Amino acid sequence: MSLVSPTRTVDTTANEPLLAYTVTTSPDPLKASPENPQAPEETGELQIVGSRHSGTPADVQWIKVKVPAGPMSPDLATDLAKVTPRISLSGWTARLDAAAKEFVFSPSAGHAPIGPETGFTIQLSDIPVNRKVGTSPITVTESSRTGTSAFQSRATTFHVGKFPADFYLRNLICTPLIINNGGEVTLTWERSANATYELLYGDTNLDVTKDTSKRITNVKSDTTFYLRGTTGDASNPVVRILSAQVSVIKPDLEIGNLTVHGTTRLNGATTTKDLTVNTANTLHVRTIEGSGAYGSLAIGGRLTLSTEGREVNVLSKFTVAGTTQLNGATTTKNLTVDPGADGYLWLKTGRLDTAAGTNLNAYGAVGIFKNSSQTLHSNYISSGFRETTYRADGAGFLTVVLTCLSFTSNTGWRELNAYFAAKATTAGVTHTIAVPQVTFSGSPSATNQMSVPVAKGGTVKVSLNNTKLPNGAGNGFISVYWTPLGGGPNLTQVAAADMPEEDETAEEEVFETFTADAGAKPSEG
């Protein structure tokens, strides 16, 4: 059992005392003097303990204790002149300011430092206690400062009760003191009949005015029980509070911030706030769920399902901002790759299958590279024109890659209007790509490529052209590959005389979009 100290109020934060104070009484609680004015007065004592909790000393000019005196219920004493004041600090004096109803304690010098090692006690003894039951405000005010700042008055008020002579509330006992989660305790106490009593714990407030014991069941967390006795006039009641505690093994917890420096295990735990694990440690869980309308799971590092057979089920949008690897993955919905410059879907190993009756649609250039692709032509080109015709013995893709290798400063260079160019004509459609003849110093090499589908039995004419600029020094590299579909046969080069005549008017030239910095302008040099 413990006694809750007299209630306390302080000034605003800016004026909160630099010293900490506690107030106790003797006897505990104080007894109001008999209402019969002929009966002798009860006497009591106030003990005020002061200390400095901060490591920096505080300079104090004086400490004042205001004690209300008079015949009314809020008054503590009947006559302050009968009170004996003392302070334990050496060199300090005590006096009564009768007009202000204050006891003033001050050092012999203008001010004195009080540090964390300097605790002190103020005693107001032989107090003739007022004859009215009620609560009296005891105000402690200090004039203090830290460093060289100005001295400032800072106050705190304690509410001290005067109880009827026959009132008592004591011996609040909790049995047992330690229980299992969900267990029960029995509280017992002693009290007088001239008051109302309440038992408070958690969000519960029980009227126990007619009781001297109470059994509390299903206790799931460490709990403090408060027994509050109230008596006196309703306009100025007097309150006494006792407390007792029970400890619960493996308790339920409801807390604010939680900082854990050791091992933490959450077995079936639910949290509605952030849970942060130190980067040097690991959070082990069985299931993580995002709940609510905006529930989400955000992982700053790697998410690994370490056991075969584990699943990741995404029932809404799945956005990947970095690298994605699908090993043995199956999807029955759309898989969209961001169309930005760096967005692509890379099937590093294995194969890409489409089910029977489905289509594989490409709305842009299709590039196919395979270790077993046939290299039809691969060489440097400085100038000139070359044209070769092939016949496809099986369906496949013809891929042409152009790269500009030379670079120069723009000194003496007047224009950049000629390109290495490549054309591929098949089924009456001509596809064209080009790269600049010159890449300027400090810029990346310009690269472009195209892939042209060729049907089985069809022909494809490949034209490579480089007309060098006057005084130019352009140099490039051209590669032509054939990739058969389904592992079919390669292309066969045919002579022009073996080619069927084509209707030149039917040709449609299609210019491919550059896939690299092909249009870079010369830098100033």
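The figures here come from the full heavy-atom set of this structure, side chains too, leaving out hydrogens, waters and symmetry mates. Please read all numbers here as calculations on a predicted model, not as lab measurements.
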Determine the minimum heavy-atom distance between [X] and [Y], stating which atoms define it.
{"X": "Thr43", "Y": "Pro27", "value": "O-CD, 4.0 Å"}
{"X": "Val248", "Y": "Ser221", "value": "CG2-O, 3.2 Å"}
{"X": "Pro68", "Y": "Pro137", "value": "CD-O, 3.1 Å"}
{"X": "Val238", "Y": "Lys162", "value": "CG2-N, 3.6 Å"}
{"X": "Pro128", "Y": "Val83", "value": "CD-CG2, 4.0 Å"}
{"X": "Ser88", "Y": "Thr121", "value": "OG-N, 2.8 Å"}

Test your reading of the model: is there a side-chain donor-acceptor pair from [X] to the backbone of [Y], 3.5 Å cut-off?
{"X": "Ser136", "Y": "Pro74", "value": "yes"}
{"X": "Asn130", "Y": "Ala32", "value": "no"}
{"X": "Thr141", "Y": "Lys64", "value": "no"}
{"X": "Ser143", "Y": "Ser153", "value": "no"}
{"X": "Thr135", "Y": "Pro237", "value": "yes"}
{"X": "Asp233", "Y": "Ser235", "value": "yes"}

Candidate pair Gln245 and Thr223, rule side chain to side chain donor-acceptor pair (under 3.5 Å), full reasoning: CA-CA 6 Å; Gln245 296 81 33; Thr223 303; over 6 Å; no
Once rounded to the nearest 0.5 Å, what's the spacing between atom [atom1] of [X] and atom [atom2] of [Y]?
{"X": "Ser213", "Y": "Leu172", "atom1": "OG", "atom2": "CG", "value": "11.5 Å"}
{"X": "Lys82", "Y": "Ile127", "atom1": "NZ", "atom2": "CD1", "value": "13.0 Å"}
{"X": "Leu206", "Y": "Thr209", "atom1": "CG", "atom2": "OG1", "value": "11.0 Å"}
{"X": "Asp75", "Y": "Asn236", "atom1": "CG", "atom2": "CG", "value": "9.5 Å"}
{"X": "Phe120", "Y": "Ile63", "atom1": "CZ", "atom2": "CD1", "value": "3.5 Å"}
{"X": "Trp92", "Y": "Ser108", "atom1": "CH2", "atom2": "OG", "value": "9.5 Å"}

Please check if any side-chain donor atom of [X] sits under 3.5 Å from a side-chain acceptor atom of [Y], or the reverse.
{"X": "Ser26", "Y": "Glu45", "value": "no"}
{"X": "Arg154", "Y": "Ser144", "value": "yes"}
{"X": "Thr84", "Y": "Asp126", "value": "yes"}
{"X": "Glu142", "Y": "Tyr21", "value": "yes"}
{"X": "Thr157", "Y": "Thr139", "value": "yes"}

Verdict with reasoning, Val160 to Leu30, per side-chain contact (heavy atoms from CB on, under 4.5 Å): CA-CA 8 Å; Val160 176; Leu30 289 179; 3.9 Å; yes
Trace of the side chain to side chain donor-acceptor pair (under 3.5 Å) decision for Arg86 with Ser125: CA-CA 8 Å; Arg86 301 184 192 87; Ser125 305; 3.0 Å; yes
From CA spacing to verdict: side chain to side chain donor-acceptor pair (under 3.5 Å), Thr24, Gln47: CA-CA 5 Å; Thr24 57; Gln47 299 105 21; 2.8 Å; yes
SB check [X] [Y] (cutoff 4.0 Å):
{"X": "Arg131", "Y": "Glu35", "value": "no"}
{"X": "Arg215", "Y": "Glu184", "value": "yes"}
{"X": "Arg170", "Y": "Glu190", "value": "yes"}
{"X": "Asp28", "Y": "Arg240", "value": "yes"}

Heavy-atom distance under 4.5 Å between the side chains of [X] and [Y], does that happen here?
{"X": "Val67", "Y": "Leu80", "answer": "yes"}
{"X": "Val65", "Y": "Ile138", "answer": "yes"}
{"X": "Thr175", "Y": "Val185", "answer": "no"}
{"X": "Leu169", "Y": "Tyr197", "answer": "yes"}
{"X": "Ile249", "Y": "Asn181", "answer": "no"}
{"X": "Thr196", "Y": "Thr231", "answer": "no"}
{"X": "Phe163", "Y": "Ser192", "answer": "no"}
{"X": "Arg52", "Y": "Thr146", "answer": "yes"}

Trace of the side-chain contact (heavy atoms from CB on, under 4.5 Å) decision for Phe151 with Val60: CA-CA 8 Å; Phe151 284 97; Val60 181; over 6 Å; no
Step-by-step salt bridge (charged side-chain N to carboxylate O under 4.0 Å, His left out) determination, Lys31 to Glu42: CA-CA 7 Å; Lys31 301 292 185 178; Glu42 295 283 345; over 6 Å; no
Intermediate values then yes/no, side-chain contact (heavy atoms from CB on, under 4.5 Å), Thr224 and Tyr201: CA-CA 6 Å; Thr224 300; Tyr201 60 97; over 6 Å; no
Residue Lys66 excluded, over 12 heavy atoms near NZ under 6.0 Å: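 Enclosed: over 12 neighbouring heavy atoms sit under 6.0 Å from NZ of Lys66.
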CA sep, side-chain torsions, deciding dist, call: Ile179, Val219, side-chain contact (heavy atoms from CB on, under 4.5 Å): CA-CA 8 Å; Ile179 61 173; Val219 180; 3.7 Å; yes
Reference residue Lys214; test side-chain contact (heavy atoms from CB on, under 4.5 Å); the match among Leu199, Thr188, Leu227: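 Going through the options one by one, the only one that passes is Leu199.
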